[in-house]
Student: 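Let me begin by handing over the structure; questions about it come next.
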Amino acid sequence: MAYTDKARKQYQEQIEEIKSKGLYKEKRFICSPQDAAITVEYPEGAPKAEVLNFCANNYLGLSSHPEVVKAAHEGLDKRGYGMSSVRFICGTQDIHRELQDRMSKFLGMEDTLLFPSCMDANSGVFEAILEEQDVIIADRLIHASLVDGIRLCSAQYDTFKHMDMKHLKKKLELHSDKRHVLVVTDGVFSMDGDLAPLDEMCDLCDQYGAMILVDDSHASGFIGKTGRGTHEHFNCIDKVDLITTTFGKGLGGASGGCVSGRRELIELCRQKARPYLFSNSMAPPIVNASIKVIDLISKSTELRDKLEWNAAYFRKGVEDAGLCVRPGNTPIVPVMLYNAKLANDMSRDMYAEGIYVIGFFFPVVPAGAARIRVQLSAAHTKEHIDKAVAAFTKVGEKYGILGLDKKGIIDKYGM
């Protein structure tokens with residue numbers, strides 16, 4: 001057989017090495033709907049425990065919202081379970097068109113195209129609109145799905161230092177002879193929670209005749225005065241050419257994504273984007289529930305306002321406790337630990353305190369930048385947050401990191 005005993009032994013040794021370093025990612029099973037409070041089986045086979053979830057992308061608390069669940073049931077009843085087809089054959093229903101129109105209006109864009117996920121949107125958009133004589137200039141910390149999509153494209157590829165506008169300007173000058181130039185960035189960078197300076201980026205793109213694409217997956221629904229995203233936050237809605245985003249985070253937490261932007265670019269995606277042409281459509285229950293989400297967040301900013309308060313309150317709590325926290329003003333609050341084993345050990349101890357968080361380390365984040373990424377939700381109450389801060393304080397004290405900065409933690413535990 002091809003899978004020899006020797007090969008099996010080598011792979012087993014690799015897994016054991018990961019375990020011996022304390023870096024093994026253990027399985028955790030949620031046995032309840034996704035919410036601020038969840039029921040979890042961990043370790044596998046252990047009795048179920050009630051814990052507070054502080055690491056979901058459920059920013060607006062809509063993953064199990066009763067009106068969203070009801071809308072999903074209605075979509076199932078009225079339009080069926082699945083489409084059994086790609087969009088351009090027989091996979092497009094009237095509700096797909098309705099969701100596209102609603103997203104265009106919500107984001108302030110000319111047109112929108114749905115994909116099975118934002119990863120599919122990012123995989124398809126570049127190849128559809130760019131060719132060999134074009135160039136992509138991307139922030140060096142863009143999401144992995146953007147990197148994968150860019151690799152599938154024949155356009156030239158260059159990068160600029162993270163959020164460094166002087167470096168971006170140099171790259172725009174360097175590539176001013178290209179047919180089309182597309183600048184690519186995240187709106188909110190998912191690991192650090194920092195906001196791309198879209199106003200400055202759009203001004204530079206205007207100056208050099210470049211287009212700009214923003215992946216706003218960690219912003220849609222809650223960043224900006226009315227939750228439109230980072231382009232609203234920086235007052236440059238009319239200057240952004242393309243937005244990719246997901247319905248799998250703040251906008252309901254299920255699945256599906258889209259590309260929204262200039263009409264001609266969206267039409268080219270409709271004609272040429274491979275994930276659109278060769279992947280099944282978003283399922284009707286998800287489409288119908290996503291329409292309800294747009295209804296809910298368009299009527300009121302109550303959920304985004306609560307999320308903003310929750311994030312600020314948690315951040316102040318852990319900073320006052322003496323933990324090393326990356327600065328920012330989004331619902332993503334990285335508690336920096338720098339050592340991978342420390343991040344893994346602390347997340348395990350946090351679970352014992354009733355707080356579900358996960359340690360992040362290489363290759364998810366750069367080597368030496370290990371952390372616990374905390375994500376706040378509008379579903380969290382003040383009491384939930386107080387409990388999380390208390391648990392971080394207790395566990396931080398156990399490991400002797402309270403009051404230590406980056407150097408202090410690295411001196412104590414290494415990178």
Side-chain angles (χ1 to χ4, degrees), residues 30 33-38 52-69 103 106-107 117-119 143 145 186-196 214-233 243-258 286 289-315 317-318 325-326 328-335 355-358 360 371-382 384-385 388:
I30 297 176
Q34 182 67 279
D35 211 337
I38 54 177
L52 298 178
N53 192 354
F54 277 86
C55 60
N57 297 318
N58 187 24
Y59 295 111
L60 295 175
L62 295 174
S63 297
S64 55
H65 190 286
E67 291 190 48
V68 176
V69 173
M103 280 300 290
F106 179 73
L107 295 174
S117 70
C118 187
M119 183 158 188
H143 192 268
S145 62
D186 289 13
V188 174
F189 289 85
S190 61
M191 286 298 133
D192 293 329
D194 44 1
L195 286 153
V214 181
D215 182 330
D216 233 15
S217 294
H218 286 271
S220 295
F222 53 92
I223 296 295
K225 187 177 179 180
T226 61
R228 263 65 181 175
T230 50
H231 62 325
E232 180 186 41
H233 177 83
I243 290 175
T244 61
T245 193
T246 179
F247 300 100
K249 294 181 173 60
L251 300 180
S255 63
C258 68
I286 298 173
S290 298
I291 293 171
K292 174 56 68 174
V293 168
I294 300 301
D295 284 340
L296 291 171
I297 63 178
S298 296
K299 289 176 182 176
S300 168
T301 63
E302 180 181 356
L303 292 175
R304 72 146 314 268
D305 295 344
K306 185 182 180 188
L307 174 62
E308 185 175 63
W309 188 92
N310 282 354
Y313 182 71
F314 174 80
R315 179 178 290 278
V318 288
V325 179
R326 280 189 63 90
N329 57 355
T330 71
I332 299 170
V333 184
V335 177
I355 306 298
Y356 189 122
V357 289
I358 297 293
F360 286 74
R371 69 199 63 191
I372 290 176
R373 182 185 68 173
V374 180
Q375 291 165 281
L376 280 298
S377 169
H380 288 131
T381 65
K382 180 177 178 295
H384 290 157
I385 297 171

Student: With a 4.5 Å cut-off on side-chain heavy atoms, are Leu296 and Val68 touching?
Tutor: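 Touching, per the 4.5 Å side-chain cut-off.
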
Student: Do Arg304 side-chain atoms and Ile297 backbone N/O form a donor-acceptor pair below 3.5 Å?
Tutor: no

Student: For the atom pair OG (Ser300) and CG (Asp305), what is the distance rounded to the nearest 0.5 Å?
Tutor: 7.0 Å

Student: Write out all pairs satisfying side chain to side chain donor-acceptor pair (under 3.5 Å) with one or both partners inside residues 245-257, taking only residues at least two apart or from two chains.
Tutor: Ser220-Thr245

Student: Hey, does the side chain of Thr230 reach the backbone of His233 with a donor-acceptor pair shorter than 3.5 angstrom?
Tutor: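 Pair absent, no side-chain N/O of Thr230 close to backbone of His233.
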
Student: In Å, rounded to the nearest 0.5 Å, how long is the span from OG1 of Thr330 to CZ of Phe222?
Tutor: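 Between atom OG1 of Thr330 and atom CZ of Phe222 there are 7.5 Å.
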
Student: With Phe314, which residues qualify under ring-ring contact (aromatic ring centres under 6.0 Å, His included), at least two apart?
Tutor: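 Partners of Phe314 by the ring-ring contact (aromatic ring centres under 6.0 Å, His included) criterion come out as none, since no residue qualifies.
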
Student: Between atom CE of Met191 and atom CZ of Arg373, what is the distance when rounded to the nearest 0.5 Å?
Tutor: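 Here the interatomic distance stands at 4.0 Å.
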
Student: Which heavy-atom pair separates Ile286 from Ala254 by the least distance, and what is that distance?
Tutor: CG2-CB, 4.1 Å

Student: Yes or no on side chain to side chain contact (heavy atoms under 4.5 Å, CB included) for Ser145 and Asp215, after CA distance, side-chain angles and deciding distance?
Tutor: CA-CA 10 Å; Ser145 62; Asp215 182 330; 4.3 Å; yes

Student: Provide the closest heavy-atom pair for Phe106 versus Ser298 in the form atom of the first, atom of the second, distance.
Tutor: CD1-OG, 3.9 Å

Student: Can a donor-acceptor pair be found, under 3.5 Å and without considering hydrogens, that links the side chain of Arg315 to the backbone of Val325?
Tutor: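 Not at all, since once roles are kept as given, no pair shorter than 3.5 Å links the two residues.
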
Student: State the CZ-CD1 distance between Arg228 and Ile243, to the nearest 0.5 angstrom.
Tutor: 11.5 Å

Student: Do any N or O atoms from the side chain of Ser64 and from the backbone of Gln34 form a donor-acceptor pair under 3.5 angstrom?
Tutor: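 Side chain of Ser64 to backbone of Gln34, a donor-acceptor pair under 3.5 Å: yes, one is there.
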
Student: Under 30°, 30 to 60°, or over 60°: which ring-plane class applies to Phe54 and His380, parallel, tilted or perpendicular?
Tutor: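 Aromatic pair Phe54/His380 classed parallel.
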
Student: Taking His231 for its side chain and Leu107 for its backbone only, find out whether a donor-acceptor pair lies under 3.5 Å.
Tutor: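 Yes, because the side chain of His231 sits within donor-acceptor range (under 3.5 Å) of the backbone of Leu107.
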
Student: Between Asp186 and Val214, what is the shortest heavy-atom contact and its length?
Tutor: C-CG1, 4.1 Å

Student: Quick one: does any side-chain atom of Gln375 pair with a main-chain N or O of Asn58 as donor and acceptor, under 3.5 Å?
Tutor: no

Student: So, taking the atom named CZ in Phe247 and the one named CD1 in Ile294, what distance separates them when rounded to the nearest 0.5 Å?
Tutor: 6.0 Å

Student: Might you point out which heavy atoms bring Ile223 and Pro331 nearest each other, and give the distance in Å?
Tutor: CD1-CD, 4.4 Å

Student: For residues Asp35 and Ala379, report the shortest heavy-atom separation together with the two atoms involved.
Tutor: OD1-CB, 3.7 Å

Student: In Å, rounded to the nearest 0.5 Å, how long is the span from OG of Ser217 to CG of Asn57?
Tutor: 9.0 Å

Student: Contact between Leu60 and His65 at the side-chain level, heavy atoms closer than 4.5 Å - yes or no?
Tutor: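 They are not in contact (no side-chain heavy atoms under 4.5 Å apart), so the answer is no.
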
Student: Any salt bridge between Lys306 and Glu302, counting N to O under 4.0 Å?
Tutor: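 A salt bridge is absent here (no side-chain N lies under 4.0 Å from a carboxylate O).
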
Student: For a side chain to side chain contact (heavy atoms under 4.5 Å, CB included) check, start with the C-alpha distance between Leu195 and Asn329, then their side-chain angles and the critical distance, and finish with the verdict.
Tutor: CA-CA 9 Å; Leu195 286 153; Asn329 57 355; 3.5 Å; yes

Student: Do Ile332 and Arg326 come close enough that some side-chain heavy atom pair is under 4.5 Å?
Tutor: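 Not touching, per the 4.5 Å side-chain cut-off.
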
Student: Do Glu67 side-chain atoms and Lys292 backbone N/O form a donor-acceptor pair below 3.5 Å?
Tutor: no

Student: How far apart are the closest heavy atoms of Gly221 and Leu251, and which atoms are they?
Tutor: CA-CD2, 3.9 Å

